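Reading through the structure tokens given below for one structure.
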Amino acid sequence: MKCAAFTNTTKINQKVVSNYFYTSSKQFLLNFFLLVTLVFGTANVGIAQPDGGKIFKQNCSRCHKLDETKLTGPGMKGVFDRVPKPADEWLFKWIKNNKEVMMSGDAYGLKVFNDNAKQNMDVFDGVISDDEIKAVIAYIKNPLLPVDEKTTTVTEPKSPQDKGFSTFIVLLVAAISLLILVAVLGTIKKHLQDSVNAKNGLPATGPVSFQQWASGNKRLVAVLGILFVILLAKLTYEGLMTFSVDQDYLPAQPIKYSHQTHAGKLQINCVYCHSGAEKGRTAGVPSANVCMNCHKAVSEGPKTGKAEIAKIYDAVGWDPATGTYSKPQKPIQWVRVHSLPDFSYFNHSQHVVVGKQDCKNCHGDMATLDEAKQVSPLTMGWCIDCHRKTEVPGMATNPYYEELHAKLKEKYKGQPITVENMGGLDCIKCHY
Ligand code: HEC
Ligand code: HEC
Ligand code: HEC
Ligand code: HEC
Ligand code: HEC
Ligand code: HEC
């Protein structure tokens with residue numbers, strides 16, 4: 001040990017000791033920084049949200065609040081009591097297509113329409129699925145509880161080790177390590193000081209009070225203080241925002257479905273299964289009925305035999321022996337891989353149809369992967385980077401852009417018109 005070496009040499013003096021302590025406190029700070037970066041580099045704080053909550057935030061929260069506050073539309077508080085009964089049924093019809101409800105002459109529907117200055121509510125038929133509408137209704141009824149799943153659902157990852165560990169535990173570990181380090185360093189310094197004193201014939205130092213220690217290490221104390229404040233700020237901030245970079249995130253799925261087999265070998269088009277990608281915000285995951293289009297006939301695969309395909313049959317209640325849907329259904333619970341925080345907005349059709357972006361640009365070559373994983377970081381920097389670099393396709397030819405194009409052409413004479421130039425970096429485009 002270094003301590004022993006010090007006591008055996010005569011060259012020891014106060015300076016060596018303080019140098020030693022100085023280097024070890026530098027070392028210590030370095031370690032501490034490493035610890036902090038490591039901790040925050042790896043920690044993902046994934047707060048599981050019930051689906052209905054997410055759907056509400058993305059489709060309804062623009063116009064409705066959950067309490068009694070009125071935005072464009074009325075607050076949702078007490079809505080179950082005021083709408084015609086059975087409330088679930090009426091709400092379902094209304095959310096799916098409020099125009100149809102009003103056109104059918106529904107007195108209550110016409111009343112809320114008039115009470116809200118004849119503002120228009122969006123029609124959600126074809127925008128969100130029936131199951132999503134039910135999830136939203138369940139969410140409005142009970143905003144905190146997760147929702148029952150009916151057929152095919154995508155669940156948020158549940159176990160904490162899947163998504164990283166909680167900030168709280170991480171901070172606790174950091175704080176404890178910090179205290180231990182400080183205590184150890186303090187003891188080392190005292191021992192060194194004692195050995196110097198022994199050599200010089202001085203009495204050993206008494207126990208060091210915290211104040212003495214602090215006044216002897218003002219710089220260290222200041223740095224620690226600042227770090228503490230930063231940690232506290234970071235904790236508060238992360239409590240408010242769900243922060244996550246889950247690149248390469250690859251959860252276990254309930255069925256060994258392979259993109260390589262289906263999109264690669266069999267060359268099935270991505271949108272055959274992810275039809276939402278061309279229609280709206282979410283690409284969606286296919287329901288087991290889509291699988292059945294082929295798997296009614298294909299009951300065996302080369303790698304997994306009958307075992308995995310049998311799970312599709314269980315999901316839809318198909319009895320291969322009789323060739324009928326006669327068994328109880330057991331929904332497949334795919335675990336969601338990609339998930340942006342609720343406060344950000346991303347729309348597939350805007351990118352795939354209007355922006356002419358290939359799935360590959362964001363999801364990598366899925367057709368070569370056995371298991372779907374998140375290839376891109378999905379951070380804000382990633383979105384912005386592409387918006388800075390990418391020219392808006394069809395700006396000159398798409399009639400949708402005619403007016404805007406004329407204006408931008410004037411403004412950015414000769415330069416390529418990127419997504420940034422048409423306002424694609426405005427906070428409001430991606431944040432509610
Ligand atoms: C563009 C704004 C807008 C969006 C988006 C919107 N609504 Fe509405 N909503 C309204 C307005 C306005 C009314 C009042 C009726 C009318 O004038 O059409 C209303 C009425 C309602 C009512 C009846 C309220 C009552 O007090 O009886 C319900 C329930 C409702 N909306 C649910 C939803 C749900 C669920 C979503 C999301 C899936 C949604 N709305 C999205 C504007 C919106
Ligand atoms: C035969 C149907 C089918 C085809 C074709 C298909 N997928 Fe999938 N895809 C699925 C299923 C089922 C899942 C959910 C299971 C999983 O995550 O592995 C999924 C999951 C995904 C996910 C991850 C979803 C999440 O949870 O975040 C992405 C991204 C994806 N597919 C992209 C593609 C792309 C790109 C193509 C075309 C190259 C494609 N898929 C073709 C069925 C299909
Ligand atoms: C367009 C037709 C088609 C669709 C849709 C389809 N599959 Fe398949 N699937 C096949 C074929 C064909 C095979 C056999 C592949 C082979 O022989 O290489 C297969 C094989 C499989 C296997 C066995 C793989 C192996 O190597 O053992 C599983 C599991 C599977 N599919 C799951 C699914 C799931 C889940 C869905 C729905 C999300 C789905 N399939 C949708 C055509 C399809
Ligand atoms: C510009 C980038 C981009 C392109 C292009 C893109 N995606 Fe996505 N995809 C995303 C992002 C970002 C998410 C996460 C969305 C979320 O959590 O709300 C996602 C999520 C998904 C999911 C998970 C389910 C969902 O919708 O949330 C699937 C499946 C998927 N994409 C399939 C596709 C397919 C198939 C294509 C091509 C037709 C495609 N994506 C094109 C960026 C992209
Ligand atoms: C691979 C490149 C690429 C990536 C990555 C990408 N985008 Fe885009 N984005 C585009 C293109 C191209 C357009 C222009 C589409 C159009 O013409 O409306 C666009 C347009 C948009 C718009 C509409 C902008 C406007 O001014 O109307 C929004 C909002 C948006 N993107 C959000 C996102 C978000 C959120 C992410 C990250 C999760 C993201 N984008 C990632 C290429 C990308
Ligand atoms: C092109 C889309 C896009 C634009 C424009 C955009 N953001 Fe973001 N922002 C995102 C996405 C996506 C996330 C989620 C990133 C994640 O989960 O790591 C995010 C996350 C954030 C966060 C949380 C911190 C984090 O990194 O998770 C803050 C704060 C934020 N954005 C503020 C802003 C402000 C302020 C602006 C305008 C100057 C802005 N954003 C413009 C897409 C965008």
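All residue numbers refer to positions in the sequence shown, counting from 1. Note that ligands are numbered from 1 as they come in the structure, with each ligand's atoms numbered from 1 the same way. The structure displayed is predicted, hence computed values, not measured ones.
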Enumerate the protein N/O/S atoms at a distance below 2.8 Å from atom 8 (Fe) of ligand 1, ignoring waters. His64 NE2, Met121 SD
Lys85 atom NZ: more than 12 heavy-atom contacts under 6.0 Å: yes
For Val83, which part has a heavy atom under 4.0 Å from ligand 1: side chain, backbone, both, or neither? side chain
Student check: side-chain heavy atoms of Asn98 and Val123 closer than 4.5 Å: yes
Salt bridge check, Lys407 against Glu410: does any charged N sit closer than 4.0 Å to a carboxylate O? no
So for Val79 against ligand 1, with non-hydrogen atoms under 4.0 Å, the contacting part is side chain
Is there a heavy atom in Tyr108 that sits closer than 4.0 Å to ligand 1? yes
Under a 4.5 Å cut-off applied to non-hydrogen side-chain atoms, are Met292 and Tyr313 in contact? yes
Any atom of ligand 2 sitting under 4.0 Å from a heavy atom of Glu371? no
Best match, Lys360, Met366, His295: closest heavy atom to atom 29 (C) of ligand 2: Met366
With rounding to 10 degrees, His259 NE2, atom 8 (Fe) of ligand 2 and His274 NE2 define an angle of 180°
Other residues, nucleotides, ligands: >12 heavy atoms within 6.0 Å of Phe228 CZ: no
Do the non-hydrogen side-chain atoms of Met121 and Met102 ever get within less than 4.5 Å of each other? no
Which residue from Phe80, Phe124, Phe92, Trp90 reaches closest to atom 41 (C) of ligand 1 through any of its heavy atoms? Phe124
Residue Cys383, metal atom 8 (Fe) of ligand 5, N/O/S under 2.8 Å: no
Closest heavy-atom approach to atom 14 (C) of ligand 2 among Val285, Asp358, Ile268, Leu266 is made by Val285
Are any non-hydrogen side-chain atoms of Asn120 and Phe113 less than 4.5 angstrom apart? yes
Give yes if a backbone or side-chain nitrogen or oxygen of Gln119 is under 3.5 Å from a nitrogen or oxygen of ligand 1, and no if not. yes
As a check for students: among His387, Arg388, Met422, Lys429, identify the option with a heavy atom nearest to atom 33 (C) of ligand 5. His387
Below 4.0 Å from ligand 2: does a non-hydrogen atom of Tyr272 turn up there or not? no
Quick check: do Leu425 and Arg388 have side-chain heavy atoms less than 4.5 Å from each other? yes
Heavy-atom contacts under 4.0 Å between Ile133 and ligand 1: side chain, backbone, both, or neither? neither
Contact atoms of ligand 2, heavy-atom distance to Trp334 under 4.0 Å: 12 (C), 14 (C), 15 (C)
Using heavy-atom distances, let me know which of Lys373, Gln374, His338 sits nearest atom 24 (C) of ligand 2. His338
For atom 26 (O) of ligand 2, tell me which residue out of Val337, Ile312, Val290, Ile332 has the closest non-hydrogen atom. Val337
Ligand 2 versus Pro286, non-hydrogen atoms closer than 4.0 Å: side chain, backbone, both, neither? side chain
Candidate with minimal heavy-atom separation from atom 38 (C) of ligand 2, of Cys270, Ala367, Cys294: Cys270
Do the ring centers of His338 and His363 come within less than 6.0 Å of each other? yes
Assess whether atom NZ of Lys311 is packed by more than 12 heavy atoms of other residues, nucleotides or ligands within 6.0 Å. yes
Is the shortest N/O to N/O distance between Gln350 and ligand 5 below 3.5 Å? yes
